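See below for the structure under consideration.
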Amino acid sequence: MARALLSVSDKNGLVPFAQGLVELGYELVSTGGTLKVLAEAGLNPIAIDEVTGFPEMLDGRVKTLHPRVHGGLLARRDLPEHMAKLAEYEITPIDLVVVNLYPFKSTIQKDGVTEAEAIENIDIGGPSMLRSAAKNFGGVLAITDPTDYEIVLDKLKNDDIDITFRKALSAKVFRHTAAYDALIANYMTDEAFPTPFTQTYDLFDEMRYGENPFQKAAAYTTALPEVYSVLSANILHGKQLSYNNIRDADAALRIVAEFSEPTVVTVKHMNPAGIGQGADIETAWDKAYAADPVSIFGGIVALNREVDLATATKLKAIFLEIIIAPSFTPEAFELLTKKKNLRLLTLPFTTDVPQGYEITSVLGGVVVQERDLVNEEIADMQIVTDVQPTQEQLEAMVFAQKAVKHVKSNAIVVARHGQTLGVGAGQPNRVDSVTYAVNNAKKIVDSLDDAVLASDAFFPFDDSVEYAASHGIKAIVQPGGSVRDQDSIDKANELGIAMVFSGNRHFRH
């Protein structure tokens, strides 16, 4: 008679699956709560201590870690000497194992969970049985996912269990136990950059393609999903998110989280096209759209307030890929859903993005860093020129600094308080980014007298200062730190403009 060992924390689908095994001639061995459920279903399972001849002990910590269990799992059926040893020690082979693990993940996600509670939910016997079974996949079926119950039963009934299927279940087990151990390791680790560096992710969605149609792609969530994430958003309307949609939407969420006032951010290719603030969300949209009405075509909009009908009417008038907001009024939602391909997403907005790892792949590995969550305030800024900036200019500098840290380097933002006017992104040299941002700003407004210019890094030469001043910029904020800082300061003094050092570089590659 074939033997199956069942020991699960997730009881979903357990009884029907066990009934199917019994109908196929399996005898059932089980433990603890699983044994009780199977017994109540009338399936007459054998208790694990009857197999081992040793009682469960230490509050269930020791029950399956025994040669009569692991011998039955690891013995190779194709080796006579293995089978002879089983016979010598009266060990019955185990042909199928069904195990899912203690709920460590859900435990550590609970508010107020203690370390002791977390540790009690670290499974030892379960992973050991799964790994033994998965190693010996040629003779043992290892099942850890309840969604596989039906297909396993169907294949058993039709005698359709081949080595390819066995190996696929084995691989799934090792992925599962590796992810489980990685989550535990990260919970227990206090080092910022441990060795080895272990991370685990859950599949969010397989995509039609990646950045380009010839690239395969998928999206994964962190093992402990973040609430403020495009991958956690509610997709209320529209088709599947693409690879580029997710990257752009992520950029939009990062930017709009900088601002507590009613704010709208428009994004194209992961750079802000326009950022606008106002007393209400419609005014904020008007400013964001006016900041760059060309680039937003086919882009993404993030709003940190509910979308009302008036704002929705303006949004509907242009081609957009995604609109993200905390909510939509019923009238706004009804209007926007008339565009069948427009994706509408909601999630709770926040200005408190948690610190976390930024992981970027390179050939042969990854580079890892903390998120850039530094924000400069007026009190942090150092005025380095004879000309003193006005309060309005200082407020505009803070706004521009929050924007420039999300622009691809070399990054320049021309802005006034509550509105970006020009963005220079990703140019190989800084003066080209300055030129691009200033010239774009001049397309939006007639005069830059009330505008400031923000740079993500220091000016290596005074040419950027000279160019900005010659086009009407009256105040500049930059981090400082160049060996030639004094050249830029002297040029600003010569041209009668204010310059402030923020002290923090914000490269974004």
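If you read the sequence from its start, that first residue is 1, and numbering goes on from there. Not measured: the values here are computed from a predicted model.
Residues Glu321 and Gly298 come closest through the heavy atom pair CG-O, 3.2 Å. Scanning both residues, Ala133 and Ala142, for their nearest heavy atoms gives CB-CB, 3.8 Å. Considering every non-hydrogen atom in both Lys408 and Met270, the closest pair reads NZ-CE, 4.1 Å. Nearest approach of Arg430 to Ala457, heavy atoms of both residues: NH2-CB, 3.3 Å. Across all their heavy atoms, Ile324 and Ala249 have their closest contact at CD1-CB, 3.8 Å. A pairwise comparison of heavy atoms in Ala325 and Val307 identifies CB-CG2, 3.6 Å as the closest pair.
Atom CZ of Arg371 has more than 12 heavy atoms from other residues, nucleotides or ligands within 6.0 Å. Remark: Arg3 CZ is packed, more than 12 non-hydrogen atoms of other residues, nucleotides or ligands lying under 6.0 Å away. In this structure, Glu331 places its CD atom where more than 12 heavy-atom neighbours from other residues, nucleotides or ligands lie under 6.0 Å away.
Between Phe259 and Phe399, the ring planes are tilted. Angles from 30° to 60° get that label. Between Tyr357 and Phe193, the ring planes are tilted. Angles from 30° to 60° get that label.
Only one option out of Val413, Asn504, Ile255, Asn375 pairs with Lys405 in a side chain to side chain contact (heavy atoms under 4.5 Å, CB included); it is Asn375.
Side chain of Tyr180 to main chain of Asp123: a donor-acceptor pair is present (N/O by atom type, distance under 3.5 Å, no hydrogens or angles).
The six-membered or imidazole ring of Tyr201 lies away from that of Tyr220, with a centre-to-centre distance of 6.0 Å or more.
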